[in-house]
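One structure, pasted below without further comment.
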Amino acid sequence: MIDANPTPMELALAQARLAAERGEVPVGCVLVDGETGEVLAQTGNRTEQDNDPTAHAELLAIREACEKLGSTRLPGCDLYVTLEPCAMCATAISFARIRRVYFGAYDPKMGGVEHGPAIFTQPTCHHAPEVYGGLEEQVAAELLKVFFQEKR
């Protein structure tokens, strides 16, 4: 049975699966209006497809939502992503003034929120969103595990 009203994280997981089908690291992201729940953007990684090392799902979703809203800031928006954002994405999230970040799998190696530079805790960070990790963590982690096993 297909859920007629998937959650934002379910939409992000669907985007991650599509990314994997394209040969991309399976990370998906959805940006929603935090007040209305309207989906403003949903995308998956496109670094290989676009030949762009910055084409992470989070950056693509931020760009799409900013374009849609005609703004450089997204203060009332919530970002759902299947993997802990890296330092680059965490910095963009801060610059965009995103209200909340929900992520799936933790990333001890390249994460920039709970791991590594922990961008939002730095004194130079302009804006720190509320952060909630571990949503659908096992599903998101399994997508990554299977993807990298098949690459080896």
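Both backbone and side-chain heavy atoms feed into the values below; hydrogens, waters and symmetry mates do not.
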Original post:
What distance do Phe120 atom CZ and Thr91 atom OG1 have between them, rounded to the nearest 0.5 Å?
Top reply: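 Rounded to the nearest 0.5 Å, the CZ-OG1 separation comes to 7.5 Å.
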
Subject >> Flag if over 12 foreign heavy atoms under 6.0 Å of CZ, Phe95 >> reply: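 12 or below, so no.
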
Original post:
Going from NE2 on His127 to CZ on Arg73, what distance comes out if it is rounded to the nearest 0.5 angstrom?
Top reply: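 Atom-to-atom, His127:NE2 and Arg73:CZ are 10.0 Å apart.
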
Original post:
Hey, quick one: are Ile119 and Leu83 part of the same hydrophobic cluster, counting side-chain heavy atoms closer than 4.5 Å, chains of contacts allowed?
Top reply: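 Yes.
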
Subject >> Gln49 atom CD, over 12 foreign heavy atoms within 6.0 Å >> reply: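 Count over threshold, so yes.
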
**OP:** May I ask you to test the His115-Asp107 pair for a side-chain heavy-atom distance under 4.5 Å?
**Re:**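 In short, these two side chains do not touch, never coming nearer than 4.5 Å.
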
**OP:** Side-chain contact test, heavy atoms from C-beta onward, threshold under 4.5 Å: evaluate it for Val39 versus Leu11 and give yes or no.
**Re:**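 Yes, close enough: below the 4.5 Å cut-off.
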
**OP:** For the pair Gln122 (side chain) and Pro117 (backbone), establish whether a donor and an acceptor sit closer than 3.5 Å, ignoring hydrogens and angles.
**Re:**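 Yes; judged by distance alone, with no hydrogens or angles, the pair exists.
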
Original post:
Is the backbone of Ser94 close enough, under 3.5 Å, to the side chain of His126 for a donor and an acceptor to pair up by distance?
Top reply: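 No, because the side chain of His126 does not come within donor-acceptor range (under 3.5 Å) of the backbone of Ser94.
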
Subject >> Pairwise distance CD(Glu136) to OG1(Thr82) - rounded to 0.5 angstrom >> reply: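 Going from the CD atom of Glu136 to the OG1 atom of Thr82 covers 11.0 Å.
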
**OP:** Report the C-alpha separation of His56 and Val27 in whole Å, then their side-chain angles, then the decisive distance to 0.1 Å, and conclude whether the side chain to side chain contact (heavy atoms under 4.5 Å, CB included) test is met.
**Re:** CA-CA 8 Å; His56 289 199; Val27 177; over 6 Å; no

**OP:** State whether the side chain of Glu58 and the backbone N or O of Ala90 hold a donor-acceptor pair below 3.5 Å, judged by distance alone.
**Re:**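 Between the backbone of Ala90 and the side chain of Glu58 there is no qualifying donor-acceptor contact (under 3.5 Å).
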
Original post:
What's the shortest heavy-atom distance between Ala65 and Ala41, and which atoms?
Top reply: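 Residues Ala65 and Ala41, closest heavy atoms: N-CB, 4.0 Å.
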
Original post:
Do you reckon Met88 sits in the same ILVMFWY cluster as Ile62, going by side-chain contacts under 4.5 Å, direct or chained?
Top reply: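 Result: no, two separate clusters.
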
**OP:** Check Val32, Ile93, Leu40 against Cys77 for a side chain to side chain contact (heavy atoms under 4.5 Å, CB included) and give me the one that passes.
**Re:**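 Of the listed options, the one satisfying the test is Leu40.
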
Original post:
Do Tyr102 and Val113 share a hydrophobic cluster, counting only Ile, Leu, Val, Met, Phe, Trp and Tyr and linking them when any side-chain heavy atoms are less than 4.5 Å apart?
Top reply: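 The answer is no; the residues belong to distinct hydrophobic clusters.
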
Original post:
Can you name the closest pair of heavy atoms from Ala12 and Tyr80 and give their distance?
Top reply: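 That closest heavy-atom pairing would be CB-O, 3.9 Å.
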
**OP:** Could you give me the CA-CA distance, side-chain angles and deciding distance for Leu69 and Leu74, then say whether side chain to side chain contact (heavy atoms under 4.5 Å, CB included) is met?
**Re:** CA-CA 8 Å; Leu69 297 176; Leu74 303 168; 3.7 Å; yes

**OP:** Look up atom CZ in Arg99 and atom CG in Leu79, then write down how far apart they are to the nearest 0.5 Å.
**Re:**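 Here the interatomic distance stands at 12.0 Å.
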
Original post:
If you measure from CG on Asp33 to CG on Asp78, what distance do you get to the nearest 0.5 Å?
Top reply: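 Taking CG in Asp33 and CG in Asp78, the distance rounds to 8.5 Å.
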
Original post:
Is the backbone of Glu114 close enough, under 3.5 Å, to the side chain of Glu84 for a donor and an acceptor to pair up by distance?
Top reply: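 Side chain of Glu84 to backbone of Glu114, a donor-acceptor pair under 3.5 Å: yes, one is there.
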
**OP:** Side-chain contact test, heavy atoms from C-beta onward, threshold under 4.5 Å: evaluate it for Arg17 versus Leu143 and give yes or no.
**Re:**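 The answer is yes, as the side chains (C-beta and beyond) meet within the 4.5 Å cut-off.
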
Original post:
Do you reckon Tyr106 sits in the same ILVMFWY cluster as Leu135, going by side-chain contacts under 4.5 Å, direct or chained?
Top reply: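 Unlinked, Tyr106 and Leu135 end up in two clusters.
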
Subject >> Gln149, CD atom: more than 12 neighbouring heavy atoms under 6.0 Å >> reply: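 Yes - once you tally the heavy atoms of other residues, nucleotides and ligands closer than 6.0 Å, there are more than 12.
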
Subject >> Shared hydrophobic cluster, Tyr132 / Met9 (ILVMFWY, side-chain heavy atoms < 4.5 Å) >> reply: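 Linked within one cluster.
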
**OP:** Check step by step if side chain to side chain contact (heavy atoms under 4.5 Å, CB included) holds for Phe103 and Val131.
**Re:** CA-CA 8 Å; Phe103 68 86; Val131 176; 3.7 Å; yes

Original post:
How many angstroms lie between CG in Leu60 and CG in Asn45, if you round to the nearest 0.5 Å?
Top reply: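 So the CG of Leu60 and the CG of Asn45 are separated by 7.5 Å.
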
Original post:
Would you find a donor on one side and an acceptor on the other, under 3.5 Å apart, between the side chain of Gln15 and the backbone of Val30?
Top reply: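 Looks like no, no N/O pair under 3.5 Å.
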
